[in-house]
There are 2 protein chains.
Amino acid sequence: MIVHVSTSSGVPIYLQIEQQIEQMISAGRLARGEELPPIRSLAQQLVINPNTVARAYRDLEQKGLLFSKQGSGTFVAESAPRLSDEGRRVLLGERLDELVALSQQFSIGPDEFMVMVDERLRPLRPSEPETPRSPFDDEFID
Amino acid sequence: MIVHVSTSSGVPIYLQIEQQIEQMISAGRLARGEELPPIRSLAQQLVINPNTVARAYRDLEQKGLLFSKQGSGTFVAESAPRLSDEGRRVLLGERLDELVALSQQFSIGPDEFMVMVDERLRPLRPSEPETPRSPFDDEFID
DNA sequence: TTAATAGTATTAATGTAATAGTACATTGAC
DNA sequence: GTCAATGTACTATTACATTAATACTATTAA
């Protein structure tokens, strides 16, 4: 599991960890029952104090997203609310609203914005590839 | 000038103020030489302590974005780096990259993403606001 | 059974955020 | 000159984030 923390953003480290784990669960990138890194391991990886990771795990357990078994490890709860398709759309939509608002502040018109979106989406489209490929080449994109 | 602060995001209030003012200057929504609200006014408007606003103004002055004249007020510096058109595109592009990455995590495909963008852009288009359009009608001119 | 690994709990110390209150200096309007 | 409005500066206090150092309990595996 990969987590990144920024000390310059102003967001407390334990919150950054919580938000990222929460998002990974929402997105289904952390499956129910999956084991999380031990507190000490993640702390060492992020070069922070184990207490800070423990705080994040504890908060998420209280939220019902994780459960801890002493001596065994910390796992994603079976009841963890993986977002529905609709939930993901809503979440993405909110972020998109912010971005559209920013584009207006920047005086970047709808057409230009659309071009920017298209530029970034084009390489993701499976259709119209340059070279014909077998349908089994590219099952998953990570 | 409108500033919003959130106490739940974890970001320090003075940083939120700094970031928003900085963004307004970048976007050109705060002109060079324009006067900002007095410390006490903004503090009252946001229901926070004047010291917190003062901290934000002081930091931004140190950054060279503002300058203060005691007894007179606080103003946008003449040297404040308003972003160029290209700079705005780059900034917006970075944010857009993040969003596209999120859409992939959420397994929201390019087509669906494009629809979401179009839904939000449609009301901004000056012409033909009544007829709903497919995002694929549009022709892009490069 | 024993050792290693895991989470839990506690205490202390440091630094920062934010509030509160006060006092002072400068500017501009009258 | 007077006065109000502004920014500046300082102290004190509270709360929180983070680190640090331990000690403890539960689980797992050799």
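In the text below, chain A, chain B and the rest are named by the order of the sequence lines, each starting its count at 1. Source: prediction; values computed, not measured.
- Residues B/R29 and B/Q23 are not in side-chain contact: their nearest non-hydrogen atoms beyond the backbone lie 4.5 Å or more apart.
- A donor and an acceptor atom sit less than 3.5 Å apart, one in the side chain of A/Q70 and one in the base of D/dT25.
- Rounded to a whole Å, the CG atom of A/L60 is 16 Å from the C1' atom of C/dT8.
- Residues B/M1 and B/L30 share a closest heavy-atom pair of SD-CD1, 3.8 Å.
- Distance from the side chain of B/R55 is smallest to C/dA17 among D/dA17, D/dT19, C/dA17.
- Between B/R58 and B/E61, no side-chain nitrogen of the basic residue sits less than 4.0 Å from a carboxylate oxygen of the acidic one, so the salt-bridge criterion is not met.
- Counting to the nearest Å, the C1' atom of D/dA21 and the CG atom of A/N49 are 9 Å from each other.
- The base of C/dG21 sits within donor-acceptor range of the side chain of B/N51, with an N or O pair under 3.5 Å.
- A sub-4.0 Å separation between OP1 or OP2 of C/dA17 and a side-chain N or O of B/Y14 is present.
- Counting to the nearest Å, the C1' atom of C/dT5 and the CZ atom of A/F75 are 12 Å from each other.
- Between B/T52 and the phosphate of C/dT19, there is a side-chain N or O to OP1/OP2 separation shorter than 4.0 Å.
- Remark: P of C/dT8 and CG of A/D59 are 12 Å apart, rounded to the nearest angstrom.
- Note on B/R122 versus B/D118: salt bridge recorded, some NZ/NE/NH1/NH2 to OD/OE distance being below 4.0 Å.
- Side-chain nitrogen and oxygen atoms of A/T74 include at least one within less than 4.0 Å of the OP1 or OP2 phosphate oxygen of C/dG7.
- We find that CD of B/E18 is positioned 10 Å from P of C/dA18, with the value rounded to whole Å.
- Side-chain proximity of B/E61 to D/dA17, D/dT8, C/dA17: nearest is D/dT8.
- What separates CG of A/L66 from C1' of C/dG7 is a distance of 13 Å, to the nearest Å.
- Note: CD (B/Q62) to P (D/dA9) measures 11 Å, nearest angstrom.
- Using a cut-off of 4.0 Å between Lys/Arg side-chain N and Asp/Glu carboxylate O, B/K63 and B/D59 are scored as not salt-bridged.
- Annotation: of the two residues near DNA chain D, A/S72 and A/L15, the 5′-most nearest-nucleotide partner is A/L15.
- A straight line from CZ of A/R40 to P of D/dT27 spans 16 Å, rounded to a whole angstrom.
- Between A/S68 and the phosphate of C/dG7, there is no side-chain N or O to OP1/OP2 separation shorter than 4.0 Å.
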